[in-house]
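Note sheet for the following structure.
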Amino acid sequence: SYPIVLKIIAKLLEVFRYAGLVLLVYAVIALILAFKNEDAESKVNAITQVSIAIVLITLSSIIGSLMTAVGISHSIS
């Protein structure tokens, strides 16, 4: 069951990566519009969304590094 769990985790992380990419595109557009309208609250929200998108995109690498540090030799990327 151990390899099956790793495959499930890999698929979930792939979904997170794609969701992060979509969110990043949306957040960058929102950030551009916020700067155009000079809306401080929208700028903060868009920057927060960009940060979350970056975390979602890099989550696979982060978890892979943690698994290597713990001693799990299987790659999930």
Side-chain angles (χ1 to χ4, degrees):
S1 72
Y2 183 71
I4 294 172
V5 172
L6 287 177
K7 287 180 183 179
I8 292 171
I9 292 172
K11 288 295 180 186
L12 283 173
L13 291 174
E14 185 177 349
V15 170
F16 288 162
R17 178 175 287 159
Y18 290 131
L21 289 171
V22 171
L23 180 62
L24 183 63
V25 170
Y26 172 79
V28 167
I29 292 170
L31 186 60
I32 291 169
L33 292 174
F35 272 103
K36 181 182 172 228
N37 296 331
E38 297 182 9
D39 183 11
E41 185 177 348
S42 295
K43 289 178 189 176
V44 170
N45 289 339
I47 290 171
T48 302
Q49 290 174 353
V50 167
S51 302
I52 292 170
I54 291 170
V55 169
L56 286 173
I57 292 168
T58 60
L59 194 60
S60 178
S61 298
I62 294 168
I63 291 179
S65 297
L66 288 173
M67 290 177 71
T68 302
V70 173
I72 299 174
S73 60
H74 290 54
S75 175
I76 59 170
S77 300

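All values below were derived from every heavy atom in this structure, side-chain atoms included, with hydrogens, water molecules and symmetry-related copies excluded.
No chain of hydrophobic side-chain contacts below 4.5 Å, direct or via other Ile, Leu, Val, Met, Phe, Trp or Tyr residues, connects Ile62 to Met67. Residues Ile32 and Val50 are members of one and the same hydrophobic cluster, defined by side-chain heavy-atom contacts under 4.5 angstrom among Ile, Leu, Val, Met, Phe, Trp and Tyr. Both Leu13 and Leu6 are members of a single hydrophobic cluster when ILVMFWY side chains are connected at heavy-atom separations under 4.5 Å. In the hydrophobic clustering of ILVMFWY residues, with side-chain heavy atoms under 4.5 Å counting as a link, Ile57 and Ile54 come out together.
Shortest non-hydrogen contact noted between Ala53 and Gly20 is CB-O, 3.4 Å. When all heavy atoms of Arg17 and Ser60 are compared, the closest pair comes out as NH2-CB, 3.4 Å. The minimum heavy-atom distance linking Ala27 with Gln49 is given by the pair CB-CB, 3.6 Å. The two residues Leu59 and Phe16 come nearest to each other via the heavy atoms CD2-CD1, 3.5 Å.
In summary, of the residues considered (Leu21, Leu23, Ile29), a side-chain contact (heavy atoms from CB on, under 4.5 Å) with Val25 occurs for Ile29 alone.
For the atom pair CD1 of Ile4 and NZ of Lys7, the computed distance is 7.5 Å after rounding to the nearest 0.5 Å. Leu56 contributes atom CG, which lies 11.0 Å from atom OG of Ser51 (distance to the nearest 0.5 angstrom).
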